[in-house]
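Heavy-atom basis, side chains included; hydrogens, waters and symmetry copies ignored. So you know, we letter chains A, B, ... as the sequences are listed, proteins then strands, and number each from 1.
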2 protein chains.
Amino acid sequence: MSRLARLPGAVAADSPTFSPLYRQIKVLLTRGLQAGEWKPGELIPSETELAARFGVSQGTVRKAIDELAADHLLVRRQGRGTFVATHQEARAQFRFLRLRPDHGGDPGAMSSRVLACRRTRAPVDIARALQLRTGETVVQVRRLLSFDARPVVLDEIWLPGALFRGLTADRLAAYTGPLYALFESEFGIRMIRAAERLRAVAATRATAADLGVAPGEPVLQVERVTYTYEDRPVEVRRGLYATGRHHYFNELI
Amino acid sequence: MSRLARLPGAVAADSPTFSPLYRQIKVLLTRGLQAGEWKPGELIPSETELAARFGVSQGTVRKAIDELAADHLLVRRQGRGTFVATHQEARAQFRFLRLRPDHGGDPGAMSSRVLACRRTRAPVDIARALQLRTGETVVQVRRLLSFDARPVVLDEIWLPGALFRGLTADRLAAYTGPLYALFESEFGIRMIRAAERLRAVAATRATAADLGVAPGEPVLQVERVTYTYEDRPVEVRRGLYATGRHHYFNELI
DNA sequence: TAGTGGTCTAGACCACCGT
DNA sequence: CGGTGGTCTAGACCACTAA
């Protein structure tokens with residue numbers, strides 16, 4: 001990375017692609033993260049060092065880092081430095097899983113059981129959501145999440161085969177902890193944001209059996225598309241949530 | 001409002017209630033909003049004027065306003081000034097209603113029909129959620145939201161009677177537009193944030209008829225508690241969403 | 001104690017809006 | 001054009017962490 005050409009006024013006047021200095025710094029930092037210059041959990045250089053490197057003031061670097069921290073790409077820790085965010089951290093566990101027990105705050109002991117993991121050809125809808133060609137190889141995972149030994153979430157997960165070579169049922173079963181932490185450390189894929197679409201549907205005979213509910217009983221269907229850097233979709237997840245003892249929590253701000 | 005006593009160091013060292021200057025400014029501004037010093041839609045004083053009034057630098061006022069804008073209490077407009085946010089604005093309409101049509105982006109023509117509006121005594125659960133005593137007077141509203149003339153949302157709304165004197169079915173029916181805009185302009189109650197709990201449930205015979213679905217069919221139950229200033233709960237809303245042609249959309253960041 | 005992020009200031013200039 | 005918010009700077013000091 002090198003010193004920036006700083007022409008805020010000139011750039012703004014001439015070009016529709018103007019962005020302020022701190023946004024350009026943000027882009028450079030994001031590229032560094034994407035390129036693996038600093039890995040998840042690692043410390044990035046101090047604000048003063050980055051300011052010197054980019055030839056801008058500390059306040060400008062600060063504003064770029066502020067936004068990256070708001071995006072959960074970086075984590076600030078006063079007195080220690082700024083770190084690359086990771087899905088390993090405790091506070092990241094429930095960032096994408098908005099499920100809570102109806103009574104009490106503690107989600108209880110969560111356990112995951114992998115039901116299937118196979119490579120197959122992408123169905124039309126999955127291919128479109130993942131921006132693949134129909135028929136391209138995808139990895140399909142089915143897994144059951146239980147809270148306090150009670151099944152609550154039945155997930156069907158689709159991943160681009162090219163990005164997840166070597167992902168097998170054994171590998172998944174051997175791993176305890178959040179899937180996104182595994183994806184991050186083993187496949188170098190960092191999940192940045194997700195969009196969910198929720199509907200109420202009736203449990204089919206098969207899914208009802210897995211979830212321990214009666215066939216036809218209402219369950220919450222959660223379709224998630226997860227994105228990595230540059231808004232690239234890298235996961236489709238169709239979950240069925242049994243909302244008898246749990247609910248989907250959402251804060252509106 | 002008067003000049004602040006600025007003792008950042010001393011306050012921090014001695015007291016666990018320390019907060020930086022810009023947070024104190026934020027509190028003062030919030031009080032001004034709550035007291036109605038500036039009303040929804042109005043222009044607040046410029047950053048420089050506020051800085052002079054509080055005896056701090058413009059940058060400090062700026063940081064306070066930044067947070068209030070992030071909280072959707074204020075809206076910045078470059079070149080014009082900073083305005084008090086209002087539920088009248090178009091962009092506020094779908095801040096709390098996370099419902100979208102399955103196909104296409106435009107939600108289509110939305111219409112509201114008030115089915116009932118009566119004053120009654122608060123049931124136990126409603127009283128607890130609204131921090132009232134059981135049996136205190138509440139206003140109960142039932143209304144049906146339709147998109148393109150198709151019923152989609154059946155809402156049951158509970159409001160503290162003391163805050164909504166004079167709220168009647170006629171008054172509701174006469175008003176077109178978002179309820180929160182009515183609450184804001186007619187009753188001086190500004191909804192700041194909300195928390196929703198979602199479950200999949202089976203439609204009862206009565207609700208199924210209103211929503212135009214089959215009895216027993218899965219519908220999305222959305223329980224919302226809405227808060228005004230100082231995190232005071234002022235509304236409980238239990239909605240049933242027919243998710244045949246629409247879905248609940250949620251962005252995870 | 002040294003180094004980090006967090007706060008605050010004062011001042012400059014730019015971008016945008018309405019008159 | 002004047003006034004507003006938006007960006008950028010340079011420098012000071014505070015709060016926190018780890019050695």
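- Around the CZ atom of B:R232, the shell of radius 6.0 Å holds no more than 12 heavy atoms that belong to other residues, nucleotides or ligands.
- Shown are B:R197, B:R193, B:R224; of these, the salt bridge (charged side-chain N to carboxylate O under 4.0 Å, His left out) with A:E251 is made only by B:R193.
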I would like to know whether B:D66 and B:Y22 meet side chain to side chain donor-acceptor pair (under 3.5 Å); could you show each step before the answer?
CA-CA 10 Å; B:D66 277 345; B:Y22 72 87; over 6 Å; no
Derivation and outcome, side chain to side chain contact (heavy atoms under 4.5 Å, CB included), residues B:W38 and B:L33
CA-CA 6 Å; B:W38 313 291; B:L33 292 170; 4.0 Å; yes
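- Between A:V61 and B:I44, the residue whose closest nucleotide on DNA chain D is further toward the 5' end is B:I44.
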For Watson-Crick and G-U wobble pairs within 3.5 Å on both distances, what is DNA chain D written in dot-bracket notation, | included for inter-strand pairing?
||||||||||||||||||.
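- Side chain of A:D148 to main chain of A:A109: a donor-acceptor pair is present (N/O by atom type, distance under 3.5 Å, no hydrogens or angles).
- Distance CG (A:L43) to C1' (C:dG5): 11 Å, rounded to an integer number of Å.
- An OP1 or OP2 oxygen of C:dT7 is reached within less than 4.0 angstrom by a side-chain nitrogen or oxygen of B:Y22.
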Take A:E186 and A:R171 through the test salt bridge (charged side-chain N to carboxylate O under 4.0 Å, His left out) and record every step on the way to the result.
CA-CA 10 Å; A:E186 300 297 309; A:R171 193 113 170 240; 3.0 Å; yes
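- The distance from atom CD1 of A:I65 to atom C1' of D:dC8 is 16 Å, rounded to the nearest whole Å.
- For the residue pair B:H246 / B:D102, no side-chain donor-acceptor distance below 3.5 Å is found, with atom types taken as modelled.
- Ionic pairing of A:E196 and A:R98 is not present here: no N-O contact between side-chain nitrogen and carboxylate oxygen is shorter than 4.0 angstrom.
- Listed candidates were C:dC8, D:dT7, C:dG5. Nearest to the side chain of A:R62 is C:dG5.
- Listed by residue number, the members of residues 66-92 of chain B with any heavy atom below 4.0 angstrom from DNA chain C are B:Q78, B:G79, B:R80.
- Using a 4.0 Å cut-off, some side-chain N or O of B:K63 falls inside it from OP1 or OP2 of C:dT7.
- Checked by atom type and distance alone, the side chain of A:T226 never pairs as donor or acceptor with a backbone atom of A:A194 at under 3.5 Å.
- Under 4.0 angstrom from either OP1 or OP2 of C:dG3 there lies no side-chain N or O belonging to A:T48.
- Between A:Q58 atom CD and C:dG5 atom P the separation is 8 Å, expressed in whole Å.
- Checked against D:dG5, D:dT9, C:dT9, the side chain of A:L21 finds its nearest nucleotide in D:dT9.
- Out of C:dG5, C:dA10, D:dT9, the shortest distance to the side chain of B:S57 is found at C:dA10.
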